[in-house]
Amino acid sequence: MEIKATAHKFGDNINTDDIIPARYLNTYDPKELARHCMEGADEEFVRKLGHPSARGHCIVAGKNFGCGSSREQAPLAIKGADISCVIAESFARIFYRNAINIGLPILESERASKRIDSGDEILIDLNRGKVTNLSKKENYKVQPFPEFIQEIIRAGGLMNYAKEKLKRKRLNP
Amino acid sequence: MGMTIAEKILARHCGKKSVAPGAFIEAKVDIALGNDVTAPLAIEEFRKVGGNKVFDADRVVLVPDHFTPNKDVKSAEQCQILRNFAREQGLRHYYEVGRVGIEHALLPEEGIVLPGDLVVGADSHTCTYGALGAFACGVGSTDLAFAMLTGKCWFRVPQTIKFVYKGKLNKWVSGKDLILYTIGDIGVDGALYKVMEFTGPIIKRLTMADRLTMCNMAVEAGAKSGIIEPDGETIEYIEARAERPYETIHGEKSARYARVVEYNCNKIEPQVAFPPLPSNTKPISSVGDISIDQVVIGSCTNGRIEDLRISAQVLKGRRVHPRVRLIIIPATPKIYREALSEGLLETFIDAGAVISAPTCGPCLGGHMGVLAEGEKAVATTNRNFTGRMGHPKAEIYLSNPAIAAASAIAGKITSPEAL
Ligand code: SF4
């Protein structure tokens with residue numbers, strides 16, 4: 001799976017309240033949540049994304065991205081805003097799980113996190129674990145996800161993955 | 001290369017000879033747990049994908065403990081979702097008010113979690129069960145839905161940090177103080193992604209209650225789980241309760257740790273964590289003069305019978321300060337009954353405390369003791385984040401039960417020694 005995106009850069013310890021302030025937590029609808037995505041860290045963020053374009057967007061952040069509460073609304077808001085990937089130096093543990101479970105690709109790379117600047121054009125190869133910075137003409141290696149995590153992301157999340165598995169079982173019991 | 005106890009448990013549950021930190025695995029879970037806050041969404045997800053039967057009706061555990069007895073219509077409806085699902089699925093472990101206790105006190109007490117188990121729970125303090133020699137961690141609602149459906153969960157194998165506690169325990173120092181001290185030392189992200197393995201001569205001498213308290217708070221240092229290798233104490237505790245076979249697992253001598261941290265307990269005093277972080281700890285001797293309005297003794301951290309006994313020991317023959325509300329919450333009905341027959345409840349009432357039904361209640365600012373603006377509380381719970389117990393401008397100080405009880409009498413944070 002290849003993703004082409006424009007980078008939006010954030011710092012360390014972006015918490016779940018930065019990603020989606022608690023006052024918007026009365027819904028699980030990704031499109032609703034998306035309207036306030038990253039509002040706590042940058043009020044202008046959603047406006048900066050503009051209309052959905054062919055180019056796509058990705059978030060690049062520092063250490064401990066997604067720390068704080070275990071709510072799934074945080075990665076849902078990011079996914080709902082059509083952010084195609086989050087690259088960070090490290091992620092908070094439950095955010096990391098929740099992101100994969102809802103089918104939001106996330107990657108850990110210290111070098112990518114340090115080198116990429118806002119506005120850089122990024123090419124991400126999830127299968128091979130390669131991030132290319134087209135603007136700076138650099139490559140960063142990341143640990144590729146194992147096959148079944150890739151399957152989860154391809155299916156669009158853990159429950160869709162379960163559904164596909166169930167269907168297959170029913171077809172060939 | 002050898003494996004730690006956590007790595008060994010994970011390897012067994014994914015059918016591999018060995019696993020190394022960093023690897024992604026899909027493993028079988030022994031128990032999947034949810035509560036009245038997290039299970040409704042998991043049940044919705046479960047149904048959305050057409051799930052009609054849970055993987056094992058004996059191994060999906062639902063505990064409505066957060067807002068029960070139902071605090072309002074919304075919480076009553078949340079509980080109704082659990083109740084209907086439990087009936088429809090024939091779940092063996094579902095508990096109504098009267099039988100329900102705080103999940104992380106209830107599951108060990110009922111013998112539902114056993115050594116060597118792999119447990120996931122849609123509650124961040126699921127890590128408590130590491131005290132039984134199990135690998136247990138908190139997950140999201142989608143994880144719980146998947147586990148209920150398939151009996152499986154995916155993991156990234158974590159590294160382990162080994163903590164060695166040596167020396168002698170000072171008076172009034174408990175498992176709570178050791179874990180607060182540790183979090184104060186390494187910080188709230190000091191064990192991010194990792195397992196905290198508690199070892200050493202001091203741990204060997206701790207009761208199960210103290211061990212459960214320590215593992216309970218591993219998540220407050222960012223850890224995936226806390227764990228303690230099973231020993232004679234564990235077996236004695238488990239043998240009285242286990243209803244199914246189990247196998248104790250031990251780490252290997254050649255196991256690799258991310259880091260080894262040693263503490264000399266001679267130097268550790270009772271600890272108080274100042275707001276707004278559990279890592280904001282001070283020894284009791286340097287707390288200073290802090291007047292308080294409320295004390296809560298309870299929660300999955302310190303609501304067990306041992307905690308009530310030590311509180312009663314401090315409160316016996318004394319009166320709660322006129323300005324202070326002391327709320328005592330036995331964590332389960334069994335603990336409530338034991339406290340009754342040992343005469344502890346009488347001691348509490350004589351001292352001027354109120355005793356609540358088992359519930360999470362004030363621990364998460366739910367009900368049964370929510371704080372107003374500017375109020376200060378000492379609590380034996382595990383989180384003192386801004387707004388956790390009510391108003392964002394209320395302050396929460398975390399301590400062990402002895403300090404909490406002494407503070408209720410003095411009207412300010414203090415040690416029983418100073419009474
Ligand atoms: S007592 Fe507090 S920390 Fe424990 S499960 Fe309940 S709300 Fe969570």
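These values consider heavy atoms only, across backbone and side chains, with no hydrogens, waters or symmetry-generated copies. Letters A, B, ... mirror the listed sequences (proteins, then strands); counts begin at 1. As the structure is a computational prediction, the values presented were derived from the model and not from experiment.
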(request) Would you indicate whether B:Lys28, at its atom NZ, is surrounded by more than 12 heavy atoms from other residues, nucleotides or ligands within a distance under 6.0 Å? (result) no
(message) Under a 4.5 Å cutoff for heavy-atom pairs, which residue among B:Trp154, B:Phe385, B:Phe155, B:Tyr193 has the most contacts with chain A?
(response) B:Trp154
(message) Tell me which of these, A:Ile100, A:Ile94, A:Asn98, has more heavy-atom pairs under 4.5 Å with chain B than the rest.
(response) A:Ile100
(request) Working to the nearest 0.5 Å, report the span between CG of A:Leu158 and CG of B:Leu149. (result) 9.5 Å
(message) Within this structure, what is the CG-CD distance for the pair A:Asn101 and B:Glu45, rounded to the nearest 0.5 Å?
(response) 10.0 Å
(message) Please determine whether the number of non-hydrogen atoms from other residues, nucleotides or ligands lying under 6.0 Å from atom CZ of A:Arg111 exceeds 12.
(response) yes
(message) Just verifying a value: how many Å separate A:Arg93 CZ and B:Asp189 CG, rounded to the nearest 0.5 Å?
(response) 14.0 Å
(message) Just so I understand: if I count every heavy-atom pair under 4.5 Å between each of B:Thr38, B:Leu41, B:Thr150 and chain A, which residue has the most?
(response) B:Leu41
(request) Mind checking the CZ-CZ spacing from A:Phe145 to B:Phe24? Nearest 0.5 Å is all I need. (result) 5.5 Å
(request) Measure the spacing between CD1 of A:Ile152 and OG1 of B:Thr142 and express it to the nearest 0.5 Å. (result) 11.0 Å
(request) Side chain from CB out, backbone as N, CA, C, O: work out which of these in A:Phe91 comes under 4.5 Å of a heavy atom of chain B, or both, or neither. (result) both
(request) Mind listing the closest non-hydrogen atom pair of A:Ser90 and B:Leu192 along with its distance? (result) OG-CD2, 4.4 Å
(message) Using a 6.0 Å cut-off, check whether atom NZ of A:Lys9 has over 12 heavy atoms from anything other than its own residue.
(response) yes
(message) If I measure from the heavy atoms of chain B, does A:Glu147 come under 4.5 Å with its side chain, its backbone, both, or neither?
(response) neither
(request) For each of B:Gly222, B:Ala23, B:Gly138, B:Ala122, tally heavy-atom pairs with chain A at distances under 4.5 Å, and name the one with the top tally. (result) B:Gly138
(request) Can you see which heavy atom on B:Val139 is nearest to which on A:Arg97, and at what distance? (result) CG1-NE, 3.8 Å
(message) On a heavy-atom basis, which atom in B:Phe146 and which in A:Met159 lie closest, and how many Å separate them?
(response) N-SD, 3.8 Å
(message) I'd like to know whether NZ of B:Lys53 has more than 12 heavy-atom contacts from other residues, nucleotides or ligands below 6.0 angstrom.
(response) yes
